[in-house]
Amino acid sequence: MDGDDDLRCLRQAIDLARRSRASGNHPFGALIVGADGKVLAEAINRAAPGRGDATGHAELEAVRAASAAYPADRLRAATLYSSAEPCAMCAGAIYWAGIGRVVYGLSETRLLALTGSHPENPTLALPCREVFARGQRAVEVVGPLIEDEAAAVHAGFW
């Protein structure tokens with residue numbers, strides 16, 4: 001997959017974030033794409049205030065689905081696309097699932113600027129690159145990309 005494929009898939013993740021918001025959830029979306037371009041899993045955020053699982057982040061939901069359905073070698077060659085930089089919890093899940101690559105839109109720093117001290121999103125100042133750097137295997141990280149497009153989904157939400 002090339003840079004154009006990355007942007008196309010990242011825009012799909014941003015569209016999933018729009019769907020998540022329209023469903024009453026926080027505006028985050030993610031998908032996992034195999035080396036052959038096939039979507040292995042996609043998810044919207046299932047963590048909503050007062051209902052659901054607080055760990056239901058879009059990335060974690062996609063990781064759960066893909067790791068239950070595909071062997072480790074397929075995941076090693078896959079890319080997780082996320083509308084926003086994976087948090088420390090999601091980065092850990094990505095690492096443990098063996099996914100080899102992450103591409104994201106909105107940086108954690110910019111997300112924090114949008115959410116401020118909103119109690120529903122107590123953003124951790126811990127970039128996913130730092131989480132992955134502590135592991136025993138490499139995870140390639142690309143991002144932030146098309147950050148303004150990714151930020152637009154959050155306009156007026158927080």
Distance (rounded to the nearest 0.5 Å) between S20 OG and N45 CG: 4.5 Å
Side chains of R110 and L112 in contact at under 4.5 Å (non-hydrogen atoms): no
L111 backbone acceptor or donor facing T115 side chain under 3.5 Å: yes
Nearest non-hydrogen partners of Y70 and L75, listed with the distance: O-CD1, 4.2 Å
L7 reachable from V142 in the ILVMFWY side-chain graph, under 4.5 Å edges: yes
Inter-residue atom distance I14.CD1 - I146.CD1, 0.5 Å rounding: 4.0 Å
Side chains of L16 and E42 in contact at under 4.5 Å (non-hydrogen atoms): yes
Worked verdict on D6 versus R11 for salt bridge (charged side-chain N to carboxylate O under 4.0 Å, His left out): CA-CA 9 Å; D6 282 344; R11 285 186 171 108; over 6 Å; no
Minimum heavy-atom distance between S82 and L10, given as atom pair plus value: O-CD1, 3.2 Å
Interatomic spacing from CD in E59 to CD1 in I99 - rounded to 0.5 Å: 10.5 Å
Residue pair R74, L40: steps toward the side chain to side chain contact (heavy atoms under 4.5 Å, CB included) verdict: CA-CA 9 Å; R74 187 89 189 262; L40 306 180; 3.5 Å; yes
Donor-acceptor contact below 3.5 Å, side chain S83 vs main chain G29: yes
Heavy-atom closest pair, residues A13 and A30: CB-CA, 4.3 Å
Qualifying residue for side chain to side chain contact (heavy atoms under 4.5 Å, CB included) with P86, from V102, L60, V63: V102
Nearest-0.5 Å distance that lies between atom CD in E85 and atom CG in L126: 8.5 Å
Side chain to side chain contact (heavy atoms under 4.5 Å, CB included) evaluation trace for L145 with Y104: CA-CA 6 Å; L145 297 175; Y104 68 87; over 6 Å; no
Residue pair I32 / V39, side-chain heavy-atom distance below 4.5 Å: no
CG-SG distance between L80 and C9, expressed to the nearest 0.5 angstrom: 11.0 Å
Test item: H26 and R21 side chains (from C-beta on) under 4.5 Å apart, heavy atoms: no
Side-chain ion pair, R8 and D5, N-O less than 4.0 Å: yes
S67 to A97 - nearest heavy-atom pair and separation: CB-CB, 4.4 Å
Atom of G105, atom of E147 and distance for their closest heavy-atom approach: O-CG, 3.7 Å
Donor-acceptor contact below 3.5 Å, side chain N25 vs main chain R46: no
Non-hydrogen side-chain atoms of R137 and Y95 separated by less than 4.5 Å: yes
Exercise: identify the closest heavy-atom pair between L124 and E108: O-OE2, 3.1 Å
R134 atom CZ, over 12 foreign heavy atoms within 6.0 Å: no
Donor-acceptor pairs under 3.5 Å, side chain of residues 151-158 to any protein atom, not counting sequence neighbours: which ones?
unit_1: H154; atom_1: ND1; unit_2: W158; atom_2: NE1; d: 2.9
unit_1: H154; atom_1: NE2; unit_2: P27; atom_2: O; d: 3.3

In one Ile/Leu/Val/Met/Phe/Trp/Tyr side-chain cluster, 4.5 Å: F28, L114: yes
ILVMFWY network linking V103 to L106, side-chain heavy atoms under 4.5 angstrom: no
